[in-house]
> 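Here it is, the structure in full.
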Amino acid sequence: TLMVEASHGASWTSGPHGASEGVCGVDPGLAGALVVVSAEGIVACHDMPTLRLGSKRRVDPAGVADILAGVGHAVVERVHSMPKQGVASSFSFGLSFGVVLGVLAGLCIPYSLVTPQRWKKEMMEGQQREKDASRMVARQLWPLSAVLFKRKKDHGRADAALIGEWGRRRLARPIPP
């Protein structure tokens with residue numbers, strides 16, 4: 001089923017599966033996504049819901065809450081400001097990250113944080129670590145869901161799916177830090 005919501009971007013759910021059956025990977029940026037993965041594959045895929053406030057876009061807390069309701073565990077990419085990133089851009093990115101963490105706390109959903117370096121090292125072994133590479137790895141891991149990652153702008157979906165899969169594998173068999 002493909003549902004398109006005006007303020008929440010594209011959403012996709014694979015059928016009767018509840019979100020609590022998997023782990024939700026979160027790429028917290030405005031172009032990010034929330035993707036629930038299970039041992040069977042991708043359960044749900046949502047572009048990051050946003051609101052337009054004047055000329056600015058911001059993550060929509062109510063939209064994030066709607067998506068995360070019922071999730072058993074989330075793994076959120078631990079983000080930080082980047083060199084040469086502007087002050088306004090850094091603030092916006094941090095705000096998005098904070099909204100996601102706040103919603104998870106408000107819904108009492110347990111979560112883990114993972115750095116991009118860590119999940120990419122494990123999930124993209126032997127691959128380039130660029131945005132297109134994550135789409136390629138996601139299409140290989142989930143060929144039945146490859147349509148979710150076909151456009152260049154779907155890198156946020158691919159990152160979120162790989163973050164979720166990293167978390168699912170880690171929760172399935174704990175690995176020492």
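All of these numbers come straight from a predicted model, not from anything done at the bench.
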> Salt bridge check: are Glu122 and Arg118 linked by an N-O gap of less than 4.0 Å?
yes
> Under a 3.5 Å distance rule, please check whether Arg58 uses its side chain to pair with a backbone N or O of Leu53 as donor and acceptor.
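Here the side-chain-to-backbone pair does not exist.
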> Check whether any side-chain heavy atom of Val64 lies under 4.5 Å from a side-chain heavy atom of Pro49, and answer yes or no.
yes
> With heavy-atom distances below 4.5 Å as the criterion, would you say the side chains of Ser145 and Leu148 are in contact?
yes
> Indicate the atoms forming the closest heavy-atom contact of Asp27 with Gly156, along with that distance.
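The answer is OD2-CA, 3.5 Å.
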> Considering all heavy atoms of both residues, which atom of Ser38 and which atom of Val43 are nearest to each other, and what is their separation?
OG-CG2, 3.6 Å
> Working note: Ile109 + His73, criterion side-chain contact (heavy atoms from CB on, under 4.5 Å); need CA distance, chi angles, decisive distance, verdict.
CA-CA 6 Å; Ile109 297 170; His73 191 91; 5.7 Å; no
> Within the 4.5 Å heavy-atom criterion, are Leu162 and Val35 side-chain neighbours or not?
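A side-chain contact is absent here, since even the closest heavy-atom pair is not under 4.5 Å.
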> Okay, side chain of Arg135, backbone of Arg151: is any donor-acceptor separation there less than 3.5 Å?
yes
> How about Asp60 and Thr50: does a side-chain donor come under 3.5 Å of a side-chain acceptor?
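Their side chains do not contain a donor-acceptor pair, so the 3.5 Å distance test is not met.
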> Are Val75 and Arg170 packed together at the side-chain level, in the sense that at least one heavy-atom pair is separated by less than 4.5 angstrom?
no
> Between Leu141 and Phe149, does a side-chain contact (heavy atoms from CB on, under 4.5 Å) hold up when you go through it step by step?
CA-CA 11 Å; Leu141 277 175; Phe149 314 113; over 6 Å; no
> Using the side-chain contact (heavy atoms from CB on, under 4.5 Å) rule, take Trp119 and Met124 through it: C-alpha gap first, then chi angles, then the decisive distance, then the call.
CA-CA 8 Å; Trp119 73 259; Met124 298 175 60; 3.9 Å; yes
> How long is the span from the OG atom in Ser112 to the CG atom in Leu171, to the nearest 0.5 Å?
6.0 Å
> Under a 4.0 Å N-O cut-off, is there an ion pair linking Asp47 with Arg157?
yes
> For the residue pair Thr115 and Glu77, establish whether any side-chain heavy-atom pair is separated by less than 4.5 Å.
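Thr115 vs Glu77: side chains apart.
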> Take Val114 and Ile163 through the test side-chain contact (heavy atoms from CB on, under 4.5 Å) and record every step on the way to the result.
CA-CA 8 Å; Val114 63; Ile163 292 165; 4.1 Å; yes
> About how many Å separate CZ of Arg139 and CE of Met136, when rounded to the nearest 0.5 Å?
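Here the interatomic distance stands at 8.0 Å.
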> Can you give me the closest heavy-atom contact between Ser96 and Val59, atom names plus distance?
OG-CG2, 3.3 Å
> If you round to the nearest 0.5 Å, how far is CZ of Phe97 from CZ of Arg78?
7.0 Å
> So which heavy atom on His46 is nearest to which on Ala44, and how close?
NE2-CB, 3.8 Å
> Side-chain contact test, heavy atoms from C-beta onward, threshold under 4.5 Å: evaluate it for Arg57 versus Leu51 and give yes or no.
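Counting from C-beta outward, Arg57 and Leu51 never come under 4.5 Å.
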> I'd like to check Leu104 versus Leu68 (side-chain heavy atoms, cut-off strictly below 4.5 Å). Are they in contact?
yes
> How close do Asp159 and Ser134 get, counting heavy atoms only, and between which atoms?
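Shortest heavy-atom separation between Asp159 and Ser134 comes out as OD1-OG, 2.8 Å.
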> Work out which heavy atom in Leu34 is nearest to a heavy atom in Val26; give both atom names and the distance.
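Reported closest heavy-atom pair: CD2-CG2, 4.0 Å.
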